[in-house]
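This report concerns only the one structure given below.
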4 protein chains.
Amino acid sequence: MQLNFNSPKPIYLQMVDEVKKALARGELSPGDKIPSHKERAQISQVNPNTVMRAYQEMERVGLTETLRGQGTFIKNDPAMLLSIRSEMAQAAVHQFIEEMRGLGIEPDEMAHMLRDTLHMERKEG
Amino acid sequence: MQLNFNSPKPIYLQMVDEVKKALARGELSPGDKIPSHKERAQISQVNPNTVMRAYQEMERVGLTETLRGQGTFIKNDPAMLLSIRSEMAQAAVHQFIEEMRGLGIEPDEMAHMLRDTLHMERKEG
Amino acid sequence: MQLNFNSPKPIYLQMVDEVKKALARGELSPGDKIPSHKERAQISQVNPNTVMRAYQEMERVGLTETLRGQGTFIKNDPAMLLSIRSEMAQAAVHQFIEEMRGLGIEPDEMAHMLRDTLHMERKEG
Amino acid sequence: MQLNFNSPKPIYLQMVDEVKKALARGELSPGDKIPSHKERAQISQVNPNTVMRAYQEMERVGLTETLRGQGTFIKNDPAMLLSIRSEMAQAAVHQFIEEMRGLGIEPDEMAHMLRDTLHMERKEG
DNA sequence: GTGGTCTAGACCACT
DNA sequence: GTGGTCTAGACCACC
């Protein structure tokens with residue numbers, strides 16, 4: 001769970017995204033219990049209120065459900081779960097293309113730069 | 001100059017980025033005068049002070065220089081100008097890779113998705 | 001914190017200098033929390049936005065760091081802190097010499113006048 | 001005539017001070033004709049209006065007098081002329097002392113730093 | 001309450 | 001008209 005405290009993006013929304021990514025990665029599965037807001041707050045060095053807001057937001061969008069006294073769980077809604085990964089990926093792709101286009105970079109060069117960077121990282125890493 | 005008023009990213013920073021992009025695209029050149037903050041404010045439908053802040057930020061990072069009572073001009077610093085395009089492009093590539101990696105997507109699939117989306121857009125557009 | 005509202009020097013820059021001076025004097029130490037911009041605004045009888053600008057300038061030059069929702073703190077960068085005093089003093093000395101030289105006053109007389117004035121003040125004060 | 005276009009001190013006041021300094025240095029004497037505002041504007045790369053304001057200010061404080069059709073001249077007011085040098089020098093000394101005191105520097109160290117810097121400059125220059 | 005952005009409008013120095 | 005400071009007050013995210 002990587003949070004960027006200097007990003008203009010609100011922390012609670014960053015937390016929601018991180019949960020979605022964990023789901024996309026398969027690190028979190030439907031039915032899984034997620035830490036209580038207090039626990040999460042301690043782990044992430046964030047104020048409990050902020051975690052609360054993140055959890056409320058996740059509940060609101062149907063990502064989780066809360067069982068009184070038992071905790072918060074990833075909802076078992078296959079349709080939604082399936083779409084998360086592809087939706088977020090598509091969004092990332094689009095954002096990338098828009099950004100590159102804004103810089104006046106042609107599609108061929110976009111693919112080229114992506115490939116180059118991936119190759120470089122493979123060697124270094 | 002496209003501004004997103006709902007983005008969490010401050011408007012004045014968006015304006016700085018837009019100028020950088022225009023430079024990267026070659027639409028703006030060293031020595032060019034950019035509109036006065038009041039003019040820009042009217043065009044972009046934002047408060048003059050917000051534009052001022054963007055302009056001061058640009059001055060601060062050495063992107064522009066200001067002549068008392070005459071206006072604000074793109075600085076003629078070839079080295080810096082050359083690097084803007086590649087720096088911003090590289091940043092976009094990295095951000096894309098990180099985002100995709102966060103979703104558990106492999107390098108090959110990244111390139112694949114990018115290519116697919118670019119192809120689709122070509123047909124549609 | 002003495003501010004001169006009639007000085008052509010912007011208030012927000014005067015405030016930055018005052019903090020630097022307090023550091024040089026040892027009245028402020030690394031890690032110290034400085035008053036919130038709203039508090040400072042009330043104390044100094046200036047607009048909160050003006051204080052904000054001063055605080056942002058301090059952050060920009062690496063004098064302070066800010067913790068979301070907690071406040072603004074003097075940065076713990078010993079190297080920088082040590083240099084502030086000597087840099088500001090050296091600047092003052094240079095400015096003095098230049099000013100006196102502009103008046104056609106010789107080095108010996110500069111030292112002489114300084115000594116005289118210091119003596120006079122000692123007796124008066 | 002050195003003008004600092006980035007100083008917060010208005011240029012027209014800087015010009016007044018420069019004339020005073022030239023008088024203090026003896027480069028300008030009572031009765032001397034000073035350049036017309038247009039000439040001065042060209043020499044100093046400044047807008048004629050700005051020079052006009054400087055000249056008006058000098059007239060206002062009794063430093064110069066204008067003879068219709070003949071130009072502007074340094075006034076022959078011995079009392080005032082005599083005081084300029086010592087007044088400006090005293091002001092510089094006081095400002096220096098205040099600045100150093102603001103940094104928590106003791107009188108002895110002030111004199112010490114001044115002497116050191118003067119010595120260093122003598123060797124370098 | 002704390003940092004931070006934005007708007008609106010006044011005032012100033014310089015061209 | 002151009003850059004620039006300051007005030008006043010609203011609104012937001014986070015603690």
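Because only heavy atoms are used, hydrogens play no part in the values below, and waters and symmetry mates are left out as well, while side chains stay in.
Protein atom NZ of B/K9 is 17 Å distant from nucleotide atom P of E/dG4, rounded to whole Å.
Nearest to the side chain of C/P10, among E/dC6, F/dC6, E/dG3, sits F/dC6. In this structure, the nucleotide among F/dT5, E/dT7, E/dG3 sitting nearest to the side chain of B/V46 is E/dT7. Distance from the side chain of C/M52 is smallest to E/dG3 among E/dT15, E/dC14, E/dG3. Here F/dG4 is the nucleotide among F/dG4, F/dG3, F/dC15 with the atom lying nearest to any side-chain atom of B/Q56. Distance from the side chain of A/T50 is smallest for F/dC14 among the nucleotides E/dC6, E/dC14, F/dC14. Each of E/dG3, E/dT7, E/dT15 was ranked by its minimum atom distance to the side chain of D/N49; first place goes to E/dT15.
Of the residues near DNA chain F, C/Q70 and B/T72, the one whose nearest nucleotide (by heavy atom distance) lies more toward the 5' end is B/T72. With DNA chain F read from its 5' end, the first of the two nearest nucleotides for C/P48 and B/L67 is the one closest to B/L67.
Annotation: side chain to side chain donor-acceptor pair (under 3.5 Å) contacts of B/Q42 (sequence neighbours excluded): none.
B/I11 comes within 4.0 angstrom of the backbone, heavy atoms only, and of no base. A/Y12 comes within contact range of the sugar-phosphate backbone alone, with a heavy-atom separation under 4.0 Å but no base atom that close.
Using modelled atom types, one finds a donor on one side chain and an acceptor on the other under 3.5 Å when comparing D/T66 with D/E59.
Under a 4.0 Å N-O distance rule, the pair A/E87/A/K20 does not qualify as a salt bridge.
A/E27 CD: more than 12 foreign heavy atoms inside a 6.0 Å radius.
Pairing of E/dC14, defined by two Watson-Crick or G-U wobble distances under 3.5 Å, is identified with F/dG1.
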